[in-house]
Amino acid sequence: MVAAHRLPVAWDERSGKWKTSPGGLVSALAPVLRENGGVWVGWNGGPGGDTKSFTAAGIRNRPVVLSESEVENHYDGFCTGTIWPLYHDAIRPLEFHRHWWHPHQEVNDRFARAVARAAGPEGKVWVHDYQLQLVPAMVRQRLPGARIGFFLHIPFPPVDIFERLPWRRQVLEGLLGADYLGFQTRRAVLNFAAAAREITGAQGPASALEYDGRLIRAQAVPISVDLAQSKAAGNAPEAKAAAERLRNDLGEPEHVILGVDRLDYSKGIDLRLRAFEVMLQRHPELIGKVSFIQIAVPSREDVGEYQSIRRKVEEMVGRINGRFARASWTPVHYLYRNYSFEDLVGAYLAADVMMITPLRDGMNLVALEYVATRADNRGALILSEFAGAAERLTDALIVNPYDLDALAVALYEAVVMDSVEQTRRMSRLRRTVGRLDVHTWARQNLEAIEG
Ligand code: ADQ
């Protein structure tokens, strides 16, 4: 049984069929569920709908239905307005509302009920991410003999930040209902274990927390990409052609810098643009020779904070272009839309410099995808030290995204990096990423759940 906030399929109006959603989680878990006849419990994505189970893409789906006000209060409210900023270092003002918390509990309870109904008394359950932190204990209550695991895709904050949450104890007790808790980084594990000890009275090290007469294991098992898929996509002639087309459309600049993110304030898109501006100011010889492409996927567009970061980014793009553009050259190309994975890979192959500057990020799969697709061993990666990926990708140019000077210097260093240094770093990065695969990640987690 997998419980994740969203089902692995989404209804496609145009074809009138369920379509598999893209992403590593789905591609890693779909084969496991197909093989074992497992069920995926998740929200169908819209207000209302049907709770009847159905099979799509070879997976048994058990939809959970949310009302419009639950989407507003549980999801846009508690998950996006309270937990997301709290777990990303409180980089935005936090909002705490009881009228968000109560629907959040109800929705978690509905997920737990659906899971308990679909899993046998000795079932194996794997719950995902920050929207469903109360589910492990709620399932445990209904199925005391089940094996329950949880994976947190985003960071877990230090206790000094976490303890502000008025429902800190309930959230921790929810998580401690699991037998095994997986995190992206060692730091997240230590933060969680410290919070559990301080706030719930759990005892012992992260690898053997004692709570409520049970033993719970918390461990870092970082997620990765589908290596075979990424490698194949990087070698596909279509991707190489798309990369050439892109560079051609840009007017064959000497250097292409790329950013790819969901448009989220945690991703540091504004800081990255600022660094680009500073670099152009300090190195006017690069004017006309370097193009910055920022691909931004629309995200949580109904939420005020997301509208304001979008406005901010658009204003910065306008300002930089207004300041530096020539009739024949535009410094920043800003693309606010969804891309197919194939087109995204085309952009990865076209990019001499990949710039990833989150203020805090659970892992950041874009960093791993960039490396996995660069079979030519070329390209330079700038990576924020606050992305989970930085724990392993130590051959990238690692930066503190808050340090504008350092960021502008690293960007310049990456732009002028010679091919020997690019290859030296990239081949080491590729060796690291080559040892990580999302299927291994899924297997390790499932083994840990079995105990
Ligand atoms: P996200 O915050 O969404 O994930 P990330 O890990 O970078 O961030 O994953 C984004 C995924 O979306 C990548 O696989 C990428 O290929 C895809 N994508 C990006 N831009 C796209 C575009 N324009 N069009 C289509 N697809 C695009 C959360 C956490 C991360 C953690 C992951 C997985 O915030 O820290 O790495 O979950 O655990």
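Counting convention: from 1, in listed order, for ligands and their atoms alike.
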*Asks:* In chain order, what residues pass the side chain to side chain donor-acceptor pair (under 3.5 Å) check against His88, with sequence neighbours excluded?
*Replies:* none
*Asks:* Could you pull out every donor-acceptor pair under 3.5 Å between side chains of residues 22-33 and any protein atom, sequence neighbours left out?
*Replies:*
| residue | atom | partner | partner atom | Å |
| --- | --- | --- | --- | --- |
| Ser27 | OG | Gly24 | O | 3.2 |

*Asks:* Below 30° counts as parallel, above 60° as perpendicular, anything between as tilted: where do the rings of Trp43 and His5 land?
*Replies:* tilted
*Asks:* Could you go through ligand 1 and note, for every N or O atom, any protein N or O atom closer than 3.5 angstrom, writing the atom names and distance to 0.1 Å, or 'none'?
*Replies:*
| residue | atom | partner | partner atom | Å |
| --- | --- | --- | --- | --- |
| ligand 1 | 2 (O) | Arg262 | NH2 | 2.9 |
| ligand 1 | 2 (O) | Lys267 | NZ | 3.0 |
| ligand 1 | 3 (O) | Arg262 | NE | 3.0 |
| ligand 1 | 6 (O) | Leu365 | N | 2.8 |
| ligand 1 | 7 (O) | Leu365 | N | 3.3 |
| ligand 1 | 8 (O) | Lys267 | NZ | 3.2 |
| ligand 1 | 14 (O) | Glu369 | OE2 | 2.5 |
| ligand 1 | 16 (O) | Glu369 | OE1 | 2.7 |
| ligand 1 | 16 (O) | Glu369 | OE2 | 3.0 |
| ligand 1 | 24 (N) | Tyr339 | N | 2.8 |
| ligand 1 | 24 (N) | Tyr339 | O | 3.1 |
| ligand 1 | 34 (O) | Asp361 | OD1 | 3.4 |
| ligand 1 | 35 (O) | Asp361 | OD1 | 2.6 |
| ligand 1 | 35 (O) | Gly362 | N | 2.9 |
| ligand 1 | 35 (O) | Met363 | N | 2.8 |
| ligand 1 | 36 (O) | Asn364 | N | 3.0 |
| ligand 1 | 38 (O) | His153 | ND1 | 2.7 |
| ligand 1 | 38 (O) | Gln184 | NE2 | 3.0 |

*Asks:* Would you please indicate if the ring centroids of Phe150 and Tyr180 are separated by under 6.0 Å?
*Replies:* no
*Asks:* How would you list all residue pairs meeting salt bridge (charged side-chain N to carboxylate O under 4.0 Å, His left out) that involve residues 156-169, not counting sequence neighbours?
*Replies:* Arg169-Glu173
*Asks:* Look at the aromatic rings of Tyr336 and Tyr334 and report parallel, tilted or perpendicular, splitting at 30° and 60°.
*Replies:* parallel
